[in-house]
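A quick write-up on the structure given underneath.
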Amino acid sequence: MINKLIIIGASGHGKVAADCAQASRRFSDIHFLDQAYPQQKHNAHWEVVGHADDVANYIASDTLFFVGIGNNAIRARVSAELHALHCSFATLIHPSAQVSKYSEVGVGSLICANATVNIASKIGQGSIINTASSVDHDCEIGDFVHIAPGSHLAGNVTVDEQSFIGIGSAIIQGCIVGRHSVVGAGSTVLSNIAPHTVVAGSPAKKINNNN
Ligand SMILES: CC(=O)SCCNC(=O)CCNC(=O)[C@H](O)C(C)(C)COP(=O)(O)OP(=O)(O)OC[C@H]1O[C@@H](n2cnc3c(N)ncnc32)[C@H](O)[C@@H]1OP(=O)(O)O
């Protein structure tokens, strides 16, 4: 029986993940591994028990792993390392989140408090649907995406892998956000965004490349 959770990354985002895991009441033990161990021994209410390089020592039949790192590229890299070690991943959904039973949430993703994932939407692996954000019907969210707090995606929106949607943004129906792109905080996206592009403002306009 699974009852232990190891979270990689004892940061602010990691403690949000731990809080979500505790609220879900699925785990008897929640611990962190982090590169700052042994200097860092705690993250909020939870213990940092070892170094992030020592994951292999914690693999057990009763243990799931979660990568609690907010940065998309680093989260993807660390997740790939854990996959190579054949770790089993947790998917964390806060009990206050509204996730349609007709949606799909990929393994290793985090659906935070008061977030909504509506009918027929798909969330990829290792993605973050952060606090009080919403993903409406028929959306496709790729792997290692981060939808920051309070962002709202209309119906039929696509966000490709490793893109970041900044806090408080809105994306109108049918838009496609290409992979590895960034939408600045508080932006309004009215048209498709090319891969590797940083956009910001209302309406959102390109301000940079994201290489
Ligand atoms: C729980 C959590 O904490 S989740 C994390 C939530 N955090 C966020 O959502 C942060 C999102 N990040 C942003 O909005 C950033 O400003 C970015 C990524 C869009 C741009 O950052 P940078 O590449 O460093 O751009 P920089 O700060 O140099 O700004 C470039 C120009 O764009 C403008 N700009 C930057 N961000 C925005 C924005 N969100 N809206 C409107 N204009 C913006 C700047 O004013 C500047 O304009 P100027 O050239 O006329 O002076």
Side-chain angles (χ1 to χ4, degrees), residues 7-24 30 32 34 36 43-46 66-79 91-99 105 108-117 123-135 139 141-154 157 159-172 175-211:
I7 299 175
I8 317 299
S11 61
H13 182 65
K15 75 177 81 152
V16 170
D19 194 35
C20 183
Q22 185 163 295
S24 75
I30 299 171
F32 283 95
D34 195 277
N43 190 20
H45 299 282
W46 299 277
F66 186 84
V67 183
I69 297 171
N71 179 283
N72 290 340
I74 300 173
R75 191 168 67 260
R77 177 176 54 75
V78 172
S79 296
T91 303
L92 301 178
I93 300 177
H94 194 280
S96 68
Q98 300 291 322
V99 178
V105 178
S109 285
L110 173 66
I111 315 292
C112 290
N114 294 316
T116 300
V117 178
I123 312 294
Q125 297 187 13
S127 285
I128 303 164
I129 310 300
N130 218 321
T131 312
S133 63
S134 63
V135 174
C139 288
I141 309 299
D143 296 340
F144 307 107
V145 164
H146 184 173
I147 310 291
S151 293
H152 298 296
L153 276 51
V157 168
V159 182
D160 286 336
E161 62 179 38
Q162 292 194 40
S163 284
F164 173 79
I165 310 300
I167 189 164
S169 298
I171 303 182
I172 69 163
C175 284
I176 300 171
V177 179
R179 67 189 188 282
H180 297 264
S181 285
V182 173
V183 173
S187 299
T188 308
V189 176
L190 303 178
S191 56
N192 294 348
I193 298 169
H196 294 275
T197 305
V198 182
V199 302
S202 298
K205 297 252 180 359
K206 180 174 178 177
I207 62 168
N208 217 333
N209 294 313
N210 188 43
N211 297 312

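For ligands, and for the atoms within them, numbers begin at 1 and follow the listed sequence.
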How close does the nearest protein non-hydrogen atom get to [atom], and which residue and atom is it?
atom	result
atom 23 (O) of ligand 1	Asn208 ND2, 4.4 Å
atom 18 (C) of ligand 1	Val182 CG1, 3.9 Å
atom 5 (C) of ligand 1	Phe164 CZ, 4.1 Å
atom 25 (O) of ligand 1	Ile207 CD1, 4.3 Å

Atoms in ligand 1 with a heavy atom of [X] nearer than 4.0 Å:
X	result
Ala200	37 (C), 38 (C), 40 (N), 41 (C), 42 (N), 43 (C)
Pro149	1 (C), 4 (S)
Gly184	14 (O), 19 (C), 39 (N)
Gly166	9 (O)

Pick one of side chain, backbone, both or neither for how Ile167 approaches ligand 1, counting any non-hydrogen atom pair under 4.0 Å.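 Both backbone and side chain of Ile167 come within 4.0 Å of ligand 1.
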
Could you measure the distance from the [atom1] atom of [X] to the [atom2] atom of [Y]? Nearest 0.5 Å is fine.
X	Y	atom1	atom2	result
Asn210	His180	CG	NE2	8.5 Å
Ile167	Ile165	CD1	CD1	13.0 Å
Ile128	Asn71	CD1	CG	9.0 Å
Cys139	Ile123	SG	CD1	7.5 Å

Looking only at distances, can you tell me whether any N or O atom of Ala185, backbone or side chain, sits closer than 3.5 Å to an N or O atom of ligand 1?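 Yes; the residue has a nitrogen or oxygen that sits under 3.5 Å from a nitrogen or oxygen of the ligand.
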
Among Ile147, Leu92, Asn130, Asp19, side-chain contact (heavy atoms from CB on, under 4.5 Å) partner for Cys112: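 With Cys112 as partner, Ile147, Leu92, Asn130, Asp19 yield a single side-chain contact (heavy atoms from CB on, under 4.5 Å), made by Asn130.
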
So, Ser11 and His13: side-chain donor and acceptor under 3.5 Å apart, yes or no?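 There is no such pair (donor and acceptor under 3.5 Å, judged by atom type) between the side chains of Ser11 and His13.
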
Can you check whether a protein heavy atom sits less than 4.0 angstrom from atom 46 (C) of ligand 1?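 False for atom 46 (C) of ligand 1.
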
Should Asp143 and Gln125 count as side-chain neighbours, where that means a heavy-atom distance under 4.5 Å?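 When only atoms from C-beta onward are counted, Gln125 and Asp143 do touch, with a gap below 4.5 Å.
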
